[in-house]
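Here the structure is laid out as structure tokens; the discussion comes afterwards.
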Amino acid sequence: MPATRTLAATLFMSLDGVVESPEKWTFQFGDDVLWKFKLEETLASDALLLGRVTYEGFAAAWPDRKDPDGFADRFNSMVKYVASRTLKKLDWNNSHLIKGDLAAEISKLKNQPGQDIVIHGSPSLIRALLPFDLIDEYRLLDYPLVLGRGKRLFDESSKADLKLAESQAFSKGVMKLVYRPARTHSPPN
């Protein structure tokens, strides 16, 4: 069987599992090593998979951004696949609406040649994909704070059997935790 692309969910998360509005609570904890990880993750990807809410936020924020490392240019130039039942028009360049059966369409994307496909944020999309075992990695940056309220990555209906594949502590207390499904076979490279 030919190798498939890695589908990775990458999120900023509080200790109590909140992933909503990370732009409001993450920046004070950033350091050079953490931002290097995010840049490397972006350079190893050539496609984004986004839910409607994340897509709308990113489409409003990213198109006019520039940075010396090329993160914004890479992010803006990537192909974006958007899972939404309500959006009809996508204005951010290289954006494509996923139509039809979500799991089947994601499986097709994973079998196309290319680099990683990365889901940024989009907890509802991640929960919708959980039963289909399509996500190969959960790349969580766990922040040392408890927010108490906000949208969480997993809810009462979420179920997954994961194993810790990698961990790293950053200087300001953030933990990088990479989990993979506890499958009998290895995830794609």
Side-chain angles (χ1 to χ4, degrees), residues 4-14 16-27 38 41-42 44-67 71-143 147-160 162 179 181:
T4 60
R5 297 163 79 178
T6 295
L7 176 59
T10 185
L11 295 105
F12 301 106
M13 188 169 75
S14 68
D16 57 338
V18 174
V19 295
E20 184 177 6
S21 301
E23 72 281 0
K24 295 178 181 175
W25 46 266
T26 57
F27 290 106
K38 293 306 287 181
E41 176 183 61
T42 299
S45 309
D46 64 0
L48 300 176
L49 175 58
L50 305 169
R52 179 192 55 82
V53 172
T54 304
Y55 172 81
E56 288 178 330
F58 281 12
W62 280 100
D64 296 325
R65 287 192 185 175
K66 298 283 181 203
D67 64 87
F71 184 97
D73 288 340
R74 177 69 174 198
F75 214 65
N76 282 311
S77 67
M78 276 191 219
V79 176
K80 297 131 191 104
Y81 299 101
V82 183
S84 172
R85 292 185 205 107
T86 57
L87 288 176
K88 303 296 181 220
K89 185 177 179 209
L90 304 175
D91 293 324
W92 194 11
N93 68 308
N94 295 330
S95 294
H96 307 277
L97 194 59
I98 295 175
K99 297 176 182 169
D101 181 273
L102 179 63
E105 293 303 313
I106 303 303
S107 291
K108 287 179 194 173
L109 292 175
K110 287 182 64 171
N111 285 305
Q112 294 174 357
Q115 294 177 286
D116 293 353
I117 303 167
V118 180
I119 304 171
H120 284 268
S122 307
S124 297
L125 173 60
I126 291 167
R127 288 193 301 270
L129 293 176
L130 266 175
F132 301 102
D133 197 29
L134 290 169
I135 300 173
D136 301 297
E137 288 188 348
Y138 296 82
R139 301 172 185 164
L140 307 176
L141 290 176
D142 205 5
Y143 284 74
L147 296 173
R149 66 174 62 156
K151 192 170 209 175
R152 287 171 166 70
L153 175 55
F154 299 115
D155 63 15
E156 301 82 28
S157 66
S158 301
K159 184 176 180 187
L162 306 173
Y179 290 95

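The basis for the numbers below is simple: all heavy atoms, side chains too, and nothing from hydrogens, waters or symmetry mates. Just so it is clear, the structure is predicted and the values come from calculations on it, not from any experiment. One-based numbering along the sequence shown.
Considering Ile135, Val79, Leu109 in turn, Leu109 is the only one that fulfils the side chain to side chain contact (heavy atoms under 4.5 Å, CB included) rule with Ile117. For the side chain to side chain contact (heavy atoms under 4.5 Å, CB included) with Leu134, the qualifying choice from Leu49, Ile126, Ile106, Ile119 is Ile106, the only one to do so. For the salt bridge (Lys or Arg N to Asp or Glu O under 4.0 Å) with Arg5, the lone residue among Asp136, Asp46, Asp116 that qualifies is Asp46.
For the residue pair Leu7 and Lys110, the shortest heavy atom distance occurs at CB-CD, 4.1 Å. Residue Gly51 comes nearest to Ser122 through the heavy atom pair N-OG, 2.9 Å, listed as atom of the first residue, atom of the second, then distance. Taking every heavy atom of both residues into account, Met78 and Asn94 meet most closely at O-CB, 3.4 Å. The heavy-atom pair separating Ser158 from Leu130 by the smallest distance is CB-CD1, 3.8 Å. Contact record, Ser77 with Arg74: OG-O, 3.1 Å, taken as the closest heavy-atom pair. Closest approach of Lys66 and Asp73 over heavy atoms only: NZ-OD1, 3.3 Å.
Summarising the geometry, atom CG belonging to Leu153 is positioned 6.0 Å from atom CE belonging to Met13; distances are rounded to the nearest 0.5 Å. Rounded to the nearest 0.5 Å, atoms CD (Glu56) and CG (Asp91) are 10.5 Å apart. For the atom pair Leu90 CG and Tyr55 OH, the distance stands at 4.5 Å (nearest 0.5 Å). For the atom pair OG (Ser84) and CG (Leu50), the distance works out to 11.0 Å, reported to the nearest 0.5 Å. A distance of 9.0 Å separates CD of Glu41 from CD of Glu137, quoted to the nearest 0.5 Å. Atoms OG and CG, from Ser14 and Leu141 in turn, are 12.5 Å apart once rounded to the nearest 0.5 Å.
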* Tell me, with the steps shown, if Lys24 and Leu147 meet side chain to side chain contact (heavy atoms under 4.5 Å, CB included). => CA-CA 11 Å; Lys24 295 178 181 175; Leu147 296 173; over 6 Å; no

* Apply side chain to side chain contact (heavy atoms under 4.5 Å, CB included) to the pair Asp16 and Arg149, showing each step before the final yes or no. => CA-CA 9 Å; Asp16 57 338; Arg149 66 174 62 156; over 6 Å; no

* Does the pair Asp67 and Arg65 meet the rule for a side chain to side chain contact (heavy atoms under 4.5 Å, CB included), with working shown? -> CA-CA 7 Å; Asp67 64 87; Arg65 287 192 185 175; over 6 Å; no

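Taking the six-membered ring for Trp and thresholds of 30 and 60 degrees, Phe75 and His120 have ring planes more than 60 degrees apart, a perpendicular arrangement. Ring orientation note: the planes of Tyr143 and Trp25 are nearly perpendicular, at an angle over 60° on the 30°/60° scale.
Using a 4.5 Å heavy-atom threshold, the side chains of Lys151 and Ser124 count as touching. Side-chain contact check for Leu102 versus Phe132: every heavy-atom pair is 4.5 Å or farther apart.
Although no hydrogens or angles enter the test, the distance criterion places no donor-acceptor pair under 3.5 Å between the side chain of Asn76 and the main chain of Asn93.
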